[in-house]
Amino acid sequence: MIAIQDSQGFSSDITLKTFEACQNDQEWLHRYESYIRGHAVALGNPRKTNANQTIGSRIKSKLGATDLTDASGKIQRGRAPAGAVIQTYQLLSLS
């Protein structure tokens with residue numbers, strides 16, 4: 001289960017947490033690798049890029065979230081740890 005809010009409030013890295021939970025589910029991982037026709041953590045796979053962007057967009061949409069931005073309006077991004085399905089992700093806000 002993924003907590004949308006933790007003791008600190010909304011988790012702006014919910015996209016990363018979602019992908020991490022999915023990556024730990026062997027059935028999901030098998031289906032994901034079948035869909036992208038490659039290894040989940042390999043780089044340079046356009047099917048993987050499209051799949052990850054679609055999943056990230058759906059997470060954002062289903063939560064009704066917006067992109068977290070800095071004072072100048074620049075979208076804030078996070079970097080996933082080595083070995084993750086994704087490399088970077090947009091930080092989200094519920095405000």
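All residue numbers refer to positions in the sequence shown, counting from 1. All heavy atoms count here, side chains included; hydrogens, waters and symmetry mates do not. Predicted model only: the values in this text are computed from it and were never measured.
Ser57 contributes no side-chain N or O that, together with a main-chain N or O of Gln53, makes up a donor-acceptor pair within less than 3.5 Å. Within the 3.5 Å criterion, the main-chain N or O of Ala42 finds a donor-acceptor partner in the side chain of Lys48. Although no hydrogens or angles enter the test, the distance criterion places a donor-acceptor pair under 3.5 Å between the side chain of Asn24 and the main chain of Glu20.
Taking the ring-ring contact (aromatic ring centres under 6.0 Å, His included) definition, one finds that Tyr89 meets it with nothing, sequence neighbours left out.
Residue Ala40 comes nearest to Glu33 through the heavy atom pair N-OE2, 2.9 Å, listed as atom of the first residue, atom of the second, then distance. Nearest heavy atom pair, residue Gly78 against residue Leu91, reads N-CG, 4.2 Å. Nearest approach of Ala80 to Ile86, heavy atoms of both residues: CB-O, 3.1 Å. Closest of all the heavy-atom pairs between Leu68 and Ser12 is CD2-CB, 4.2 Å. Residues Ala51 and Ile36 come closest through the heavy atom pair CB-CG2, 4.3 Å. Residues Leu94 and Leu63 approach most closely at CD2-O, 3.5 Å, considering heavy atoms.
In this structure, NE2 on His39 lies 7.5 Å from CG on Leu29, to the nearest 0.5 angstrom. From Gln87, atom CD reaches atom CG of Leu43 across 4.5 Å, with rounding to the nearest 0.5 Å.
In this structure, the side chains of Lys60 and Thr15 stay at 4.5 Å or more apart for every pair of heavy atoms. Side chains of Gln23 and Val41 form a contact here, defined as non-hydrogen atoms less than 4.5 Å apart. Using a 4.5 Å heavy-atom cutoff, the side chains of Asp13 and Phe19 are not in contact. Counting only heavy atoms from C-beta outward, the side chains of Thr69 and Ser93 never approach each other to under 4.5 Å. Side-chain contact check for Leu92 versus Asp67: some heavy-atom pair is nearer than 4.5 Å.
Hydrophobic clustering keeps Ile59 apart from Ile75 (ILVMFWY residues linked when any side-chain heavy atoms are closer than 4.5 Å, directly or through intermediates).
Open room surrounds CZ on Arg58; 12 or fewer heavy atoms of other groups in view lie less than 6.0 Å from it. Enclosure of atom CZ in Arg31 is not indicated, since only 12 or fewer non-hydrogen atoms of other residues, nucleotides or ligands lie within 6.0 angstrom.
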